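Quick one: structure below, then a few questions.
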Amino acid sequence: QSCMPPWLLLLGHVVYSSQCSGTANVPMPAWAEVRQADEIASYAHVPRELLQNMHKILLGMLEANSRAFRLAFYDCAFGLASLVLFTLPLVERNSGSSWTRFMYHRYRAILRDVAEPDGYESGLKLARDAGWHLETHQSASYPFLLGLTATASCPVEVKIFVYDLPGLDDRPIECCQGMFATEVFIHRWLLNSHCRTLDPDEADFFYVPVYSACIMTKDHRTAAYMEEIFDALPQRLEHWNRTGNRDHIFLWSSEMYDWLSWRTAHQAVFLSVEGRPIECDDAFDYFPTPEQFGAGCRHCRDCWQPWKDMIIPGFVEKWSVDMLAAQDRPTWMRKYAVCYHGAGERELEIYRYANASVRSALLSLSGRPRMSIGSRFPIISMYFDRVGDCQLCIVPKGLGYWTNRLFEVMFGGCIPVILSDFVELPFPGLIDWPRISIKAPADQPVDELADYLEAFVEDTDRIDGMRTLLRHYRCYLDYHSSEPGCSPYAAVMEGLLQRKRGFPRWQGKYWNHENHAL
C-alpha cells in the first residue's frame with residue numbers, strides 16, 4: 001500500500017483530524033499559516049507572500065514519500081483542503097492546466113472522503129462548522145473556468161469559432177483575478193457554450209482569445225512585448241483573411257487596447273470596457289508612468305465604433321458580488337445620502353494627467369452631514385459595507401472614462417452618480433441607464449452637486465423605484481449570473497446577432513464551380 005499514490009490512499013478513509021498538530025512535512029506553524037490565509041480571505045485579499053509559502057508546503061508534500069498526504073489528511077484534513085485550494089493559481093503557473101484540474105478534483109476528494117458516504121457538499125459543511133471558510137475570492141468560479149460545468153445554452157442563432165492559442169489563453173485560474181478578468185470569463189464561456197462551433201465554415205464569427213492584461217501583469221511583460229505578440233498573431237489565425245478580418249472578435253479588458261497597432265485589425269469586432277481608449281505615442285513597461293502619460297497619451301475618439309463594437313462591463317468576482325449583495329439594504333435602512341471613497345491625485349499622481357481632478361475635489365465634501373466622503377478603506381469588506389449603507393454612490397472618472405466602481409456599487413444596491421462625461425455604458429439597448437442612475441457634468445462645482453443630490457434623495461419613492469429597476473438590470477453586468485437570458489454573455493450574443501444580420505454574409509470563396517471546395 002505504501003507504493004500507492006498518496007491521493008489514492010485517501011479514498012475510503014473516514015477517520016480524520018482537525019487538530020492540526022503537525023506532521024514531519026507540515027509542522028504546526030505551517031498549518032497556522034494555512035489557517036491564517038483561510039481567515040484573511042473571508043474579508044480581504046491574501047498576501048502573495050503567504051500564498052507562496054503555502055505553495056512551498058504543497059510542493060514539499062508532493063516531493064516527499066507517499067505517506068505525506070495521508071498523514072496530512074489524518075492530522076488536518078480541512079487544512080489540507082485549504083492548502084490545495086488556495087495554491088491552485090500557483091500550481092497552474094508552475095505545472096499547467098491539466099495538473100491544476102487534477103488537483104482541483106483532489107481538493108474535492110479530500111472533502112468527499114471526510115464526509116463519506118455523504119459526499120463533497122457535506123464535507124464542505126463539516127469544514128465550515130469547524131470554522132474553516134474554504135473559499136478564495138475566485139474559487140466559486142473554478143468549476144466554470146476548468147470546464148467542469150454543464151454546457152451553456154446559446155440564447156441566439158450565432159455560431160462562433162474559438163481559436164486555440166497555446167501560451168496566450170491557457171491560464172484561466174491564475175488570470176481570473178481582478179477587474180480585467182473579462183478576457184478569461186468570456187473566452188471560457190464560449191468554450192463551454194452551444195454557441196461554439198468547431199466547423200469554421202459554419203462560423204459567423206471567430207473569437208481570438210488573448211489574456212493580454214494577465215500576461216502583462218502576472219508575467220511583467222511590456223507593451224512592446226505584447227506588440228510583437230499581436231503583430232505576429234494573424235499568421236496563427238487560419239481564417240484571418242476570410243472576410244478581411246471583419247468577422248473576428250478581440251476583447252480589450254482595460255482602458256487601453258493592448259495592441260498598439262490595433263488598426264491592423266480595424267474591421268474586426270472589439271469587445272471593450274472603454275469607449276474612448278487611451279492611446280500613447282510609445283510603448284512602455286505595462287503601464288505608462290505619470291510623466292509618460294502626460295507627455296504622450298490621450299483618449300482616442302475614433303478607436304471604438306458603435307456600429308460594430310460593443311461595450312462590456314468590467315469584471316467583479318463572485319466573492320465580491322455576493323458580499324455586496326449581502327449588504328444591499330432597503331432605502332429606509334441606509335444611513336448616508338451620498339458616498340464616495342477613493343484615491344485622488346495625492347495617492348495616484350497619474351490622475352493629474354488623466355483629467356480626473358474631480359476625485360480630489362470630492363474630498364472637500366468630507367464632514368458634510370449625511371455624506372460619507374474620504375479616501376479608500378484599508379479593508380475591502382469595510383468598503384462593501386459602506387456601499388450598502390448609502391443611497392447614492394458617486395462614480396467619478398478614473399484613468400479611463402470607465403471605472404469598475406460603477407458595477408461594484410450597483411451590486412450593493414447603491415444608485416450610481418456618474419461623473420464621467422464621455423463614458424460609454426454597457427448594453428444600452430438592454431439596460432435603461434437614465435432610469436437607474438444619475439449622470440452629472442464632471443466639472444460641476446462639487447458643492448452644487450452635493451446640494452442637488454441631498455435634495456434628490458428626499459424623494460424616497462423615486463429612489464425606491466430606481467433601486468428596484470437597478471436590481472432588475474444588474475444581472476446583465478454579473479459574469480456569474482444564473483438568470484436565463486440575463487448575463488453579460490447573453491447580452492454580448494444578442495449584440496453579435498444584430499451584427500450578424502447587419503454584416504455582409506460569408507458565401508464562401510467560390511460556388512457553383514468545380515474549384516468551389518478549394
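Values below: every heavy atom of this structure, side chains too, minus hydrogens, waters and symmetry copies. Fair warning: this is a prediction, and the values are worked out from it, not measured in the lab. Residue numbers start at 1 and run along the sequence shown.
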Pairwise side-chain contact, W262 with F270, heavy-atom cut-off 4.5 Å (strictly under): yes

Sidechain-backbone polar pair: S97 side chain, D170 backbone, donor-acceptor under 3.5 Å: yes

From CA spacing to verdict: side chain to side chain contact (heavy atoms under 4.5 Å, CB included), Y340, R405: CA-CA 10 Å; Y340 168 73; R405 180 190 300 267; 3.7 Å; yes

Expected output: side-chain E33 to main-chain M54 donor-acceptor under 3.5 Å: no

R263 atom CZ: more than 12 heavy-atom contacts under 6.0 Å: yes

Cysteines C297 and C280 with SG distance under 2.5 Å: yes

Spatial distance of atom CZ (R467) from atom CG (D328) [nearest 0.5 Å]: 7.0 Å

Enclosure of R298 CZ (heavy-atom neighbours >12, cutoff 6.0 Å): yes

CG-OG distance between D219 and S212, expressed to the nearest 0.5 angstrom: 11.5 Å

Spacing of NE2 belonging to H472 relative to CD1 belonging to I436, to within rounding of 0.5 Å: 10.0 Å

From CE (M103) to CZ (R108), nearest 0.5 Å: 15.0 Å

Heavy atoms from other residues, nucleotides or ligands near CD of E157 exceed 12 (cutoff 6.0 Å): no

K318, NZ atom: more than 12 neighbouring heavy atoms under 6.0 Å: no

Listed partners of F407 passing ring pair (Phe, Tyr, Trp, His ring centres under 6.0 Å), at least two apart: none

C390/C393 sulfur atoms closer than 2.5 Å: no

Close side-chain approach of R236 to P166, heavy-atom, < 4.5 Å: yes

Side-chain donor or acceptor of E92 paired with backbone N/O of E174 under 3.5 Å: yes

Neighbour count above 12 (heavy atom, 6.0 Å) for E202 CD: yes

Side chain Q138, main chain C176, donor-acceptor under 3.5 Å: no

Heavy-atom side-chain proximity of T182 to L271 below 4.5 angstrom: no

With W259 via side chain to side chain donor-acceptor pair (under 3.5 Å) - residues at least two apart: D231

Point-to-point distance, once rounded to the nearest 0.5 Å, from CG of L165 to OH of Y211: 10.0 Å

Residues, nucleotides or ligands: over 12 heavy atoms within 6.0 Å of Q52 CD: yes

Any donor-acceptor N/O pair, S481 side chain to C486 backbone, under 3.5 Å: yes

For residues 418-433, tabulate all N or O donor-acceptor pairs below 3.5 Å that involve a side-chain atom, not counting sequence neighbours.
unit_1 : atom_1 : unit_2 : atom_2 : d
S420   : OG     : Y401   : O      : 2.8
D421   : OD1    : A442   : N      : 3.0
W433   : NE1    : P426   : O      : 2.9

Main-chain N/O of A44 paired with H137 side-chain donor or acceptor, under 3.5 Å: yes

Under 3.5 Å: donor-acceptor pair, side chain of Y489, backbone of Y479: yes

Heavy-atom closest contact (R188 atom, L145 atom, distance): CD-O, 3.4 Å

H55 (side chain) donor-acceptor with P89 (main chain) under 3.5 angstrom: no

Considering all heavy atoms, the nearest S254-V273 contact: O-CG2, 3.5 Å

Under 3.5 Å donor-acceptor, K500 side chain and G495 backbone: no

Single hit among F315, W189, W319 for ring pair (Phe, Tyr, Trp, His ring centres under 6.0 Å) with H480: F315

Main-chain N/O of T149 paired to N192 side chain as donor or acceptor, under 3.5 Å: yes

Worked check of side chain to side chain contact (heavy atoms under 4.5 Å, CB included) between M310 and R499: CA-CA 10 Å; M310 270 186 279; R499 284 151 181 79; 3.4 Å; yes

Contact check, side chains of N94 and L59, non-hydrogen atoms, under 4.5 Å: no

From CG (D302) to CZ (R276), nearest 0.5 Å: 10.0 Å

R35 to W132 six-membered ring, cation-pi geometry met (6.0 Å, 45°): yes

Derivation and outcome, side chain to side chain contact (heavy atoms under 4.5 Å, CB included), residues F411 and L477: CA-CA 9 Å; F411 289 128; L477 311 172; 4.2 Å; yes

